[in-house]
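See below for the structure under consideration.
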Amino acid sequence: MNKLLILIFTLGSLNMYIAYSQFENRFFIGAGLSSNEIVGNDWGKFPILERDTNKPGIIGGGFTSSNPGFQLLMTFWFDTSGIFRIPLGVEYHYYEGLQRVPYTRHYTYFLKHRLDLWSISLGLDYAFLNLELAQTKIYTGIDFIVNIFTNNLYTANLIHSTDPNISGETLRASKSNAVRFGTGFKLGFEGLIVEPWYINASWSLSLMNLLGKDNSRGELFTPNIDMEGKENNSYNFNFNFLVQYRL
């Protein structure tokens with residue numbers, strides 16, 4: 001009986017070793033910086049309070065520029081040359097919109113809107129060009145993404161120019177957390193630094209709420225639902241720069 005157990009254990013260990021050998025050097029883990037910018041005619045990129053009387057008086061998100069973040073990425077190559085690969089990633093972006101609005105001679109409103117975005121992506125990449133001299137692969141791909149919006153908070157503080165005792169918060173509003181399913185297309189390159197270290201840079205355009213829209217909540221990136229009739233499509237443009245380690 002003991003000999004049989006030893007034989008089973010030996011065969012199992014050999015099978016695991018063979019399986020590992022088949023996929024050795026095909027896994028990459030990476031981490032790095034990410035930036036995210038809202039694009040298109042999205043209310044989230046408009047000022048919180050529109051002061052131009054010639055424009056619609058909507059309440060925007062205030063996210064007028066790029067929003068910082070980071071990405072963790074694991075990539076598996078189907079073959080040793082890395083033509084086809086599966087990326088699995090987690091991203092975080094911090095959005096913050098600030099606006100200063102003069103009210104009277106001594107009072108000024110300071111408006112602040114912030115939210116957190118977590119994204120989980122699973123995709124398929126195709127390396128269509130191999131630059132052997134530079135040891136670089138250029139690839140394109142598609143991702144399927146789960147976007148999680150949390151901690152949406154808007155505050156308005158009325159500040160007196162000389163007397164802080166009569167300054168304070170006048171408004172606090174928030175929207176509920178939300179989960180949306182989206183997709184994105186990307187173009188990037190992967191280059192060898194020194195084995196087993198690589199760099200990976202990519203640019204992507206994503207539709208964030210292909211599925212899961214909720215018109216009762218309004219736009220994704222705004223602080224409240226005033227004047228909002230429905231949830232429109234939201235697009236973003238990402239840039240990621242990672243350092244990868246080949247396992």
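What you see is a predicted model; the values in this text were computed from it and never measured.
Aromatic pair Trp77/Phe28: ring centres closer than 6.0 Å. For Tyr245 and Trp197, the ring centers are positioned less than 6.0 Å apart.
Counting heavy atoms of neighbouring residues, nucleotides and ligands inside a 6.0 Å radius, atom CG of Asn41 does not exceed 12 of them. Residue Leu131 qualifies as enclosed at atom CG: its count of foreign heavy atoms under 6.0 Å is above 12.
For the residue pair Gln244 and Asn200, a side-chain donor N or O sits within less than 3.5 Å of a side-chain acceptor on the partner. Side-chain contact annotation: Asn232 with Glu219, donor-acceptor N/O pair under 3.5 Å present. Under the 3.5 Å distance criterion, with hydrogens and angles disregarded, a donor-acceptor pair is assigned to the side chains of Asn36 and Tyr95. Using modelled atom types and a 3.5 Å distance limit, the side chains of Ser34 and Gln71 yield no donor-acceptor pair. For the residue pair Asn233 and Lys213, a side-chain donor N or O sits within less than 3.5 Å of a side-chain acceptor on the partner.
The aromatic rings of Phe70 and Tyr92 sit tilted, their planes meeting at an angle between 30° and 60°. Between Phe63 and His113, the angle of the ring planes stays under 30°, which puts this pair in the parallel group of the 30/60° scheme. In this structure, Phe78 and Phe84 have perpendicular ring planes: the angle between them is above 60°, well past the 30° mark. Ring geometry for Phe239 against Trp203 counts as tilted: the plane angle lies between 30° and 60°, on a 0 to 90° scale.
Contact detail for Leu111 and Ala156: the closest heavy-atom pair is CD2-CB, 3.6 Å. The shortest non-hydrogen separation linking Ile145 to Ser206 is CD1-OG, 3.8 Å.
A cation-pi contact links Arg85 to Tyr139, judged by a cut-off of 6.0 Å to the six-membered ring centre and 45° from its axis.
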